[in-house]
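The model shown is predicted, which means the values in this text are computed figures rather than measured ones. Every chain is numbered from 1, with letters handed out A, B, ... down the list of sequences.
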2 protein chains.
Amino acid sequence: MPASKRKVSSEAPSAPSAPGKIPHTALYQEVAERLRQRIFAHQLAPGDWIDEQALAADFGISRTPLREALKVLASEGLVTLKPRRGCYVTEISERDLDDIFPLMAMLEGRSAWEAASRLQDEDLARLEEIHARLEAHAASGQVDGFFELNQDFHRLIQEISGNRWLLQLAQDLRKVLKLTRMHSLTVDGRLEQSMAEHQAVMAALRARDATAAEHAMRDHLLAGRRAIARISTQRNPPG
Amino acid sequence: MPASKRKVSSEAPSAPSAPGKIPHTALYQEVAERLRQRIFAHQLAPGDWIDEQALAADFGISRTPLREALKVLASEGLVTLKPRRGCYVTEISERDLDDIFPLMAMLEGRSAWEAASRLQDEDLARLEEIHARLEAHAASGQVDGFFELNQDFHRLIQEISGNRWLLQLAQDLRKVLKLTRMHSLTVDGRLEQSMAEHQAVMAALRARDATAAEHAMRDHLLAGRRAIARISTQRNPPG
DNA sequence: GTCGATAATTATGGATACAGTATTATCAAG
DNA sequence: CTTGATAATACTGTATCCATAATTATCGAC
């Protein structure tokens, strides 16, 4: 079944295509992004085996770029490669959550600290805009939209921090967390509580108070962990 | 020029081969490891273009597993893939060092904190052993041996911390730092100073004082950054 | 002699082909 | 009916091949 035409870029070539600048993003990168989407959507759920041939056929490509994409996802922690046994979507345990959230709290806390130190008026304006939209989503209870915007908010702070390595680490861990799909936001009242915590972060940023921003962000993340823990005990009541 | 026989595993198949347990480590992994060694040895220096065909021929393999290995190294940050333009060994700037070292200080500080909290007598014994050998190397001024053992020391603490995500992040950053080869240990007296800092870490661990261990480790890393800064200003005196 | 356009070369990215191993299915024995 | 051995199947890992884009070399114009 030869794939005479690429189907993969049928929708959008991911990179902005300025007239003179052909995107030229490698196929394996596009494939990696599409795989991430499927994984986050739990179309490929944790523990699932990844059928290379079927997926390649589905994407209308050969196995070569697909396998390259899987190598990338493996080092992001989204999939696990078992030699000679194939590729599986990574499963995250409660233990992993306990390990990852404090790390995220530390990294994002540091981001907030650095961001507060370097914050330009223009940066603050962009944050305020996202923050306002978050308020709106929270008020109308749009969890999905809130979730996406929330990610933008955190990412922007990491970008403002200006430390590309810090950004990279935090983004990688965030991807892993998205595997669980246990969005703490589904907990009753968590949306409002989350906004209150964001308020604290924003207040510290407006005041250019780095230490306060760091602590507010740290508390925000750790509160998120507790909210998820509440979901778990709800679903699996302790014996 | 077909490669009829694998030359790649001529020396050692990296994984220990227990009789019943065939290693079955994939070729791309072996290749990735050999590439890391060449990069750390500056046989492939920062900025160098990586000639896929030449390397594949050198290893006696095809380009396919080599390219998969390069994808892995790229996500570790050791090489940079430029679409349609090939693969280059990553170059690290002073700015990157300023970004990475505080991160490492934070991560390794946290490792030390967790390690101190969970430390078993057996763990401590293993640390003491490495520590003692470090002392010996320092006394006889064996910089290379010290460097390797030092890595073992740090890695062991991260392993004792029991947080595999923390271990992963720290190891990735350490690999990137090894790109520079500016081992702070070559600075006059740094070997002794480094040992003094290790002493502080060990003392805190022996006392199971998590906070002290965290601070000692953090200070140790930041002192390392300052030592490297001294090398830089030595080589490139400020105008 | 320098600059620019065009042709030749070379390297990258992707597809296909193939060998070897793991898994599953089949079947016989207890 | 369960258990173990053997055969068939399917998939992973690697090599080879090919198309296309990038680089270099050649040649001509100014």
Side-chain angles (χ1 to χ4, degrees), chain A residues 1-10 13-15 17 19-35 44 47-74 79-89, chain B residues 1-10 13-15 17 20-35 44 48-74 79-89:
Chain A
M1 203 177 293
S4 50
K5 293 276 177 186
R6 278 198 199 174
K7 295 183 204 154
V8 84
S9 39
S10 57
S14 66
S17 40
K21 275 279 187 178
I22 301 108
H24 268 318
T25 154
L27 185 51
Y28 80 92
Q29 285 179 346
E30 297 180 33
V31 172
E33 185 51 36
R34 296 188 65 168
L35 279 174
L44 292 169
D48 278 3
W49 172 64
I50 292 182
D51 187 335
E52 291 183 5
Q53 305 194 112
L55 260 181
D58 191 16
F59 286 159
I61 59 171
S62 76
R63 277 175 56 227
T64 311
L66 173 60
R67 283 174 55 91
E68 292 179 351
L70 289 176
K71 299 287 179 299
V72 174
L73 295 212
V79 301
T80 305
L81 262 36
K82 303 187 178 178
R84 274 282 169 201
R85 303 200 46 181
C87 182
Y88 296 80
V89 180
Chain B
M1 203 175 295
S4 48
K5 293 277 179 189
R6 279 199 199 172
K7 294 181 205 158
V8 84
S9 39
S10 56
S14 64
S17 39
K21 274 280 187 179
I22 301 108
H24 266 317
T25 155
L27 185 50
Y28 80 92
Q29 284 179 347
E30 296 180 33
V31 172
E33 186 50 37
R34 295 188 65 169
L35 279 174
L44 291 170
D48 278 4
W49 171 63
I50 291 181
D51 188 334
E52 290 183 7
Q53 307 194 101
L55 259 181
D58 191 16
F59 286 158
I61 60 170
S62 76
R63 277 174 56 226
T64 310
L66 173 59
R67 290 188 47 191
E68 292 183 349
L70 289 177
K71 299 289 180 296
V72 174
L73 295 213
V79 301
T80 305
L81 263 36
K82 304 187 178 178
R84 274 281 170 201
R85 303 199 47 179
C87 181
Y88 295 80
V89 180

Distances under 3.5 Å between nitrogen or oxygen atoms of protein and nucleotides 17-19 of chain C:
none

Query raised in the report: Can you tell me how far CG of B:L73 sits from OG1 of B:T80, rounded to the nearest 0.5 angstrom?
Result: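 The OG1 atom of B:T80 sits 10.5 Å away from the CG atom of B:L73.
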Rounded interatomic separation in angstrom, taking [atom1] from [X] and [atom2] from [N]:
X	N	atom1	atom2	value
A:L66	C:dT16	CG	P	14 Å
B:L55	D:dA15	CG	C1'	17 Å
B:L27	D:dT16	CG	P	13 Å
B:F59	D:dG13	CZ	P	19 Å
B:Y28	D:dT12	OH	P	13 Å
A:Y88	C:dA22	OH	C1'	10 Å

Side chain of [X]: nearest nucleotide among [options]?
X	options	answer
B:T64	D:dT16, D:dT12, C:dT16	D:dT16
A:R67	D:dT14, C:dA15, D:dC11	D:dT14
A:E52	C:dG14, D:dT12, D:dT16	D:dT12

Query raised in the report: Quick one: is A:R85 getting a side-chain N or O under 4.0 Å of the D:dC11 phosphate, OP1 or OP2?
Result: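 Checking D:dC11 against A:R85, no side-chain N or O comes under 4.0 Å of OP1 or OP2.
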Report task. Return no unless some side-chain N or O of B:W49 is found under 4.0 Å from OP1 or OP2 of C:dT12. Result ->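 B:W49 to C:dT12 OP1/OP2: side-chain N or O found under 4.0 Å.
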Query raised in the report: Which residues pass the side-chain contact (heavy atoms from CB on, under 4.5 Å) test with B:R63, sequence neighbours left out?
Result: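 Partners of B:R63 by the side-chain contact (heavy atoms from CB on, under 4.5 Å) criterion, ordered by chain and then number, come out as B:E52, B:Q53, B:A56, B:R67.
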**Report entry** Chi angles and distances behind the side chain to side chain contact (heavy atoms under 4.5 Å, CB included) call for B:F59, B:L27
**Finding:** CA-CA 11 Å; B:F59 286 158; B:L27 185 50; over 6 Å; no
